[in-house]
Each structure stands twice: as structure tokens, then as C-alpha cells.
Trainee: 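One structure is given below, represented as C-alpha cells, and several questions about it will come after.
Just so we're on the same page: letters track the sequence lines, and every chain starts at 1.
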2 protein chains.
Amino acid sequence: MAKDVVGRAGAPPPQASEDADERILKAAGKLFREKGFAATTVREIAAAASMLPGSLHYRYASKDDVLIALMKRAVLRAMGAVELAIATVTDPVERVRVGLRTHLELLCSGDDSLYVLLFDWRSLEPSARAGLERERGRYETFWDGLLLGAHATGQGRPVLDLELVRHFGFGAINWVATWYRPDGERTPAQIADTFFSYLAFGLLHESARPADLDPHFAALMAAATPSRS
Amino acid sequence: MAKDVVGRAGAPPPQASEDADERILKAAGKLFREKGFAATTVREIAAAASMLPGSLHYRYASKDDVLIALMKRAVLRAMGAVELAIATVTDPVERVRVGLRTHLELLCSGDDSLYVLLFDWRSLEPSARAGLERERGRYETFWDGLLLGAHATGQGRPVLDLELVRHFGFGAINWVATWYRPDGERTPAQIADTFFSYLAFGLLHESARPADLDPHFAALMAAATPSRS
DNA sequence: TGGTTATTTGGTCGCATGGCCAAGGACGTG
DNA sequence: CACGTCCTTGGCCATGCGACCAAATAACCA
């Protein structure tokens, strides 16, 4: 049986249902983040959501279903938040900066779903993984669009591999979740903007940069051939 | 009686012990990486190491002990590999590039211990975590030394927060482990060198860069104050 | 109000787990 | 050949798991 029938008319009780669902996902997110999916029991989730295990089972047939629902919500929230944040920004490079900041703010907020999506990937069984990978792929494609737009302004170096750039930026930003502490001295927005400046301008000083960059870059690439370290 | 059943290929008994330990850690690393610590059973580790569960228990009293040993080995191997690789490199900036490359090559190699150290952090109970954090802190301090050396050459932008730089670089590099595939079209060395060029020179083209960078950078930092989202 | 459906309760079930161990080799040494 | 040590064997056990459900209850409708 499913809750599809619930969508009657504008009834007040669905609020309670939504609330119970929300409580489950919030509790599960917190526990999954702290201990990982496999180390968390359904009894713990139920207790944290102030209900009995059977009640949880009524809404999610299995523990995997909870994880899948949580991850799907994470993709939705991330895309929604970033889309909303950049809606009023027109400059393509600035859109990347704002998007990065929004992504990190969500990751560092009390919403643990994005963290679980990023770091509990291995807990999904292959069948469910495929579905989630499609969802997650949408978010990555969305970001590729942002990067392409920024690159199309001509402000970027011409030889960039945008897929590699996305991996690079996602790595730097997502890794923040492993060391960020809310009581630290830097806000997520400050971290994101600092990282954006690193990304955009690099770490070396102007004077240390050769007038013509590309040859140096090409030399680095040549040195990276798999011949030998 | 069998006269020399064991006399296979000159493998004395003491070596066999080391071998068994090695087999356990290698099998455990592979399984922990694939499914995570909590989702892996000691029986699976034993089977993958071609021994019975009791034999594994003889060497490691508990599953946690296996994880701790694996992680300690990861720190040792990472520091050892990077130190060896940069031993003959004198230029401080180049030392960073080579170190980054070595770290990534280890992360993408068949040795799963570094991956487990980075991504199965939550599985440690608090007591063991403290010990490991000291070990891991040594590796981070070691990297801070590399970064400080590179920055001291004057080639770097003067206002850099080196701790943030380390987090930034570690994030980008470590995240590679989540998407790298050995049959991909890029080698770890190529990825590392490309990422180093991003780190050093940034993604924007020369002409897109203001002649005097710092004001722009300062403006970004000002915009990142927690006053407004 | 009474009938119907949505939700919660408080358990039970079969099972796999981590930890453990007594008995028995294998093996170099006396 | 007997000895003592190192290591493996194969299975045992209490625990706690995920999944499940029949019955009780709450919320809504006509």
C-alpha cells in the first residue's frame, strides 16, 4: 500500500504525514552522516524520529528505501537551491561563484542529505545506484552548463577540459564537509568565495607567471605522460 | 610421509606470517573500499584472504583492529611515498607538484588503504579515532611544510591562508578517488599535473585578469561576509 | 452518528553477525 | 624421536539485526 491515496483534497492530516516523513528523513540523515548507513539501525532512526520501528516500516518498506528517498531529496534540494540562487545573476562567471557558494552553504547547513549523497554512495545496491546516478548526472550536467557558459565568455583559458574542471571544483568544495565545523572561524560563504578566487586566479602571484602561459602548461602536460614518473 | 610438500619455492615460515598479515590487510582494504567497513563481515575478509575466520581472529582480536592497522599503514605509506618522491627535488614549488602526483598515484593504485583512511573515517570509535588523528595530523603538518616552502619562494600570492590552501588541494586530489577509473583516458599523473596547473595558474585567462589582483580579491572577501546570504 | 480508511502500536520471526575457543596440526629444536 | 611453540581449524554462542504483521487506534467521510 502506498501513500498515493493521501493526496485527497486540501486536507490538514497530510501535513502530519508529511511531517512524519520529514522527521524520518531528517533523523536518518543525521544518523547516516554520523555513523554511516550500514552502521545505523532502523530502530535508531525510528527512535530519533520519535516513533516505533513499525511506524517507520509503514512509510518505508526497507532501510534502503529511506536512503534512496534521502538521496533523491538531496539532488532535488541542491539543484533547486543553486537554480534559485543564480536566477537573478546574469554574468556567467558570477553565476559559477554564486552556485559554488550555494552548494557549499547547503552542504554545511543542518540538512545532511547532500552529505549522505556524496559520502555514503557505496551503501547503495547496484540496482538503486543506477537510478540515483541518473539523478546525480542531471546535477552534474547542470553544472557543466554553468561552466560552459562561463568559459564561453572567453575569460577562461582556452584549453580547459571542462569535465576535469568540474571534478576539480566539486572535489575542493565537497571535501569541505570533512573538516568544516560550524564553530570555526570561517563561514561557508567565506570559504566558497576564497576557493572561487583560488580557482579563478590560481595560487601563484602575477609576477611568478610566465607572460605566455600555455607553453608552460603544455610542458606540464607533456611531463604527465604515462611514460614514467 | 610427505618428504618435502612444503619445499615449494623456498618460502620459509616467518615469511608466511608476514604474508598472512599482508593478505588480511589487502583483502580488508579491498572490501572496506567497495562496501564500507560496517557492511563488511569478518567472514568475508577471511574468505578473501584464503583463511578461516578463526585464523583472522588469531592475528587481529577484532574487526576494528583490522581497520586501525590498515589506516596506520596508509599514513605510513603515504608519507613514505611522498618523502621518497621529493627527496631529489630541490625547487620548492616543484616539490609540491611531485608530492601531489605521488599522493594521487598511491590513491589510485591497487593499495586501498589510503582510500579507506580518507573515506571510512566515521567507522572508527572515538578512542581509536584520536590515535589515528595524531598520525594523520603528522601527514598534514608535513604537507604544510611543503606549502610553506613553496610560498616562501615569493612566487605565491602573499595573502594566502595556507591551511585553507591545503584543504583546497587535498579536496580536489582526494575527490579523484570517487570518479577515477583505471580504464579511463587519463592517468593519475596526468590528472595530478593538470590539477596542479589549475591550482598554480587558475582557470581564467591572462587577459581576463585585472592587472592588480588584490583589490578584486579583497572585494570578493568583503562580499563573503556573513552579513547577507 | 456509523462506516471507512490512514496510521500506530508493540511485539515476533528467522537469521547473520562479531567474538571466541578447545582441539589439533605443522614445524624447528633438543 | 619427543618436545614446545606457532598457527589453523571448524564450529559455538549470545546478541542484535531487518523485515514483518495482526490488532488497536485516530482521523475523516457521508
Trainee: Would you mind reading off the distance between B:Leu56 atom CG and D:dC7 atom P, rounded to a whole angstrom?
Mentor: 14 Å
Trainee: Would you please indicate if the ring centroids of B:Trp175 and B:Tyr115 are separated by under 6.0 Å?
Mentor: no
Trainee: Any heavy-atom pair between the side chains of A:Leu164 and B:Phe195 that's under 4.5 Å?
Mentor: yes
Trainee: Using nucleotides 18-25 of chain C, report all nitrogen or oxygen pairs with the protein that are shorter than 3.5 Å.
Mentor:
unit_1 : atom_1 : unit_2  : atom_2 : d
C:dG18 : OP1    : B:Thr40 : O      : 3.2
C:dG18 : OP1    : B:Lys63 : NZ     : 3.1
C:dG18 : OP2    : B:Val42 : N      : 3.1
C:dG18 : N7     : B:Arg43 : NH2    : 2.9
C:dG18 : O6     : B:Arg43 : NH2    : 3.1
C:dG19 : OP2    : B:Lys63 : N      : 3.0

Trainee: Do any side-chain atoms of residues 32-40 of chain B form donor-acceptor pairs under 3.5 angstrom with protein atoms, and if so which ones, sequence neighbours left out?
Mentor:
unit_1  : atom_1 : unit_2   : atom_2 : d
B:Arg33 : NH1    : B:Asp112 : OD1    : 3.0
B:Glu34 : OE2    : B:Lys30  : NZ     : 3.0
B:Lys35 : NZ     : B:Glu44  : OE1    : 3.1
B:Lys35 : NZ     : B:Glu44  : OE2    : 2.8
B:Thr40 : OG1    : B:Gly36  : O      : 2.7

Trainee: Expressed as a whole number of angstroms, how long is the span from A:Leu52:CG to D:dA24:C1'?
Mentor: 13 Å
Trainee: Using atom CZ of A:Arg59 as one end and atom P of C:dA6 as the other, report the distance to the nearest whole Å.
Mentor: 12 Å
Trainee: Any side-chain N or O of B:Tyr58 under 4.0 Å from OP1/OP2 of D:dT8?
Mentor: no
Trainee: Could you check whether any side-chain N or O of B:Thr194 sits under 3.5 Å from a backbone N or O of B:Gln190, counting only pairs where one atom can act as donor and the other as acceptor?
Mentor: yes
Trainee: For a quick test of your reading: what N or O donor-acceptor pairs under 3.5 Å do the side chains of residues 81-88 of chain B make, sequence neighbours left out?
Mentor:
none

Trainee: Can you check the B:Asp21 CG to D:dT8 C1' distance for me, whole Å?
Mentor: 14 Å
Trainee: B:Tyr180 versus B:Arg186: any side-chain heavy-atom pair under 4.5 Å?
Mentor: no
